[in-house]
Student: 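I am attaching a structure below and will ask some questions about it afterwards.
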Amino acid sequence: MSFVEIKDVTKRYGNHLSVDHLTMSVRAGEIFGLLGPNGAGKSTTIKMLSGLLRIDQGEIFLGGLSVSRQPLEVKRKIGLVPQELAIYEHLTARENVLFFGRLYGLRGKLLQDRVEEALEFVGLQDRQSDRPATFSGGMKRRLNIACAIMHRPELIIMDEPTVGIDPQSRNHILGSVRKLNQMGSTIIYTSHYMEEVSAISSRIGIMDHGRLIAYGTQEDLKAHVAQEEKLSITVAQVVEAAVEEIRQHPRIRQAVIQDRTIEVYLQNASSYLQDILFILQKHQVIIQSLTRVEPDLETLFLSLTGRTLRD
Ligand code: ADP
């Protein structure tokens, strides 16, 4: 059953279409991953869904309620973890969570219990008396999450919650998303990291230039790119000219440098492997490892747009 229905929604900034006739739904109880490069329109979509931004055209329903016509009822169902941190630096961690709890209308023992629960949930109980000014970026994000979930909302929306934080906090956040989902919340998780979305989502929407370009379960999406292949070649030292020559090969869609790894996107790798090896050899590139990677969401994005998510 659909919990969120986004119907033909458009948002414009001046002449620029940030969200372009977007239609998609999120089912009750699922983790829905909204994937797309920076500027794709994910935050704009999230802001319209949370009632923070007016919808120019189209409609959004949440649990059968219209976001435009019943904004207060809708807001009560949502816990939003925005991209920009929404915490108060001069309050302690505990005071921050208390503040948001009161905003949601919690009082007395219930409020105190939920504050404990939320702080424990994000692993900040030991630091509850400290001010966020002394926290790492990841800890501030976790506090932000505690503030957003303490009223146990039906829908939790996290907008790029792992940007610019340490791997430990990142894993903690991904674990929390799964736990919140198991405890009954529907989750919408936006990211431009394919690996994260792939790791936690039951269904995925991929956005680019304001439009939904792919939508479905991971299996549905991967079936689109069953013909596509990706080679991951780790080398002693990347030679830019060699990568450029690989890109010029008529059968190769794209070659991307990631540190000392060259990712080559193509169809039918076995037929063209010799060509790639020949080019690398010509430029005296020393190969340390070569693996064929199963088609993933990055492969799909590339086949649909000709670009990588990281471009
Ligand atoms: P994402 O979250 O996928 O990175 P956004 O929704 O933030 O993308 O942005 C989508 C597009 O809308 C971008 O081209 C961005 O520059 C534009 N945009 C977003 N907010 C504003 C704004 N307040 N004024 C003008 N343009 C905006």
Side-chain angles (χ1 to χ4, degrees), residues 4-26 31-60 62 67-68 71 74-75 78-87 137-138 140-141 144-145 148 155-165 170 173-174 177 186-201 203-216 218 221 256 296-311:
V4 178
E5 286 277 358
I6 300 180
K7 292 187 171 172
D8 202 23
V9 163
T10 293
K11 180 76 195 175
R12 248 174 245 281
Y13 288 107
N15 283 332
H16 181 73
L17 264 179
S18 288
V19 174
D20 185 2
H21 297 281
L22 180 70
T23 296
M24 62 177 207
S25 62
V26 176
I31 301 180
F32 186 89
L34 192 56
L35 178 70
N38 284 326
K42 305 181 297 294
S43 286
T44 306
T45 304
I46 292 313
K47 283 179 187 158
M48 287 190 285
L49 169 58
S50 332
L52 299 174
L53 198 63
R54 200 174 56 84
I55 302 167
D56 286 349
Q57 213 181 305
E59 264 195 292
I60 303 181
L62 200 149
V67 171
S68 314
V74 166
K75 278 204 177 107
I78 297 181
L80 172 65
V81 184
Q83 211 170 51
E84 306 83 24
L85 288 173
I87 50 177
K140 287 183 189 177
R141 276 259 166 242
N144 215 25
I145 294 173
L155 174 67
I156 296 171
I157 306 173
M158 297 199 184
D159 195 6
E160 301 257 13
T162 59
V163 168
I165 64 171
R170 178 172 180 252
I173 289 174
L174 292 175
V177 172
T186 302
I187 315 269
I188 299 179
Y189 187 97
T190 89
S191 179
H192 63 279
Y193 298 122
M194 182 269 295
E195 298 84 354
E196 284 184 8
V197 168
S198 195
I200 58 172
S201 312
R203 290 192 314 137
I204 293 168
I206 305 183
M207 283 186 83
D208 188 41
H209 297 310
R211 284 195 298 267
L212 192 66
I213 59 169
Y215 177 57
Q218 307 222 27
L221 297 182
V256 184
D296 54 20
L297 299 175
E298 184 79 58
T299 323
L300 174 62
F301 188 80
L302 189 109
S303 80
L304 293 171
T305 67
R307 288 174 289 123
T308 62
L309 279 159
R310 295 178 293 254
D311 277 354

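Atoms within a ligand are numbered from 1 in the order they appear, just like the ligands themselves. A quick note: this is a predicted structure, and the numbers were derived from the prediction, not measured. Numbers for residues simply follow the sequence, beginning at 1.
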Student: Looking only at atom types and distance, does a side-chain atom of Ser201 sit under 3.5 Å from a main-chain N or O of Ser198, one as donor and one as acceptor?
Tutor: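 Answer holds: no.
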Student: May I ask you to list the atoms of ligand 1 that are less than 4.0 angstrom from any heavy atom of Ala40?
Tutor: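 Answer for ligand 1: 1 (P), 3 (O), 8 (O).
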Student: At less than 4.0 angstrom from any non-hydrogen atom of Pro37, what atoms of ligand 1 do you find?
Tutor: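 Here the atoms of ligand 1 in question are 3 (O).
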Student: Can you list the atoms of ligand 1 that are under 4.0 Å from a heavy atom of Ser18?
Tutor: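 Checking each atom against Ser18, I get 11 (C), 12 (O), 17 (C), 18 (N).
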Student: Starting from atom 2 (O) of ligand 1, what is the nearest protein heavy atom, named by residue and atom, and what distance separates them?
Tutor: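 Closest protein heavy atom to atom 2 (O) of ligand 1: Ser43 N, 2.8 Å.
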Student: So between Leu17, Asn38, Leu35, Thr44, whose heavy atom ends up nearest atom 5 (P) of ligand 1?
Tutor: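 The nearest heavy atom belongs to Thr44.
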Student: Check whether any protein heavy atom sits under 4.0 Å from atom 7 (O) of ligand 1.
Tutor: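 Yes, there is a protein heavy atom closer to it than 4.0 Å.
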Student: Asn144 and Glu84: which non-hydrogen atoms are nearest, and at how many Å?
Tutor: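 Here Asn144 and Glu84 meet closest at ND2-O, 4.1 Å.
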Student: Which residue and non-hydrogen atom of the protein lie closest to atom 27 (C) of ligand 1, and at what distance in Å?
Tutor: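 Ranking protein heavy atoms by distance from atom 27 (C) of ligand 1, first comes Tyr13 CD1, 3.2 Å.
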Student: Taking all non-hydrogen atoms of both residues, which atom of Ser50 and which atom of Ile157 are closest, and how far apart?
Tutor: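 Heavy atoms of Ser50 and Ile157 come nearest at OG-CD1, 3.9 Å.
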Student: Would you say Gly36 contacts ligand 1, with heavy atoms under 4.0 Å as the rule?
Tutor: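 Contact absent.
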Student: Does atom CZ (Arg211) have a neighbourhood of more than 12 heavy atoms from anything else shown, all under 6.0 Å?
Tutor: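 No, the 6.0 Å shell around CZ holds no more than 12 heavy atoms from other groups.
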Student: Does one side chain, of Tyr193 or Glu160, offer a donor that lies under 3.5 Å from an acceptor on the other?
Tutor: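 There is no such pair (donor and acceptor under 3.5 Å, judged by atom type) between the side chains of Tyr193 and Glu160.
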Student: Yes or no, since that's all I need: does a protein heavy atom fall within a distance strictly under 4.0 Å of atom 22 (C) of ligand 1?
Tutor: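 Within 4.0 Å of atom 22 (C) of ligand 1, protein heavy atoms are found.
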Student: In the protein, what heavy atom is nearest to atom 14 (O) of ligand 1, and what distance, to one decimal place, separates them?
Tutor: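 Scanning the protein heavy atoms, the shortest distance from atom 14 (O) of ligand 1 goes to His16 NE2, 3.0 Å.
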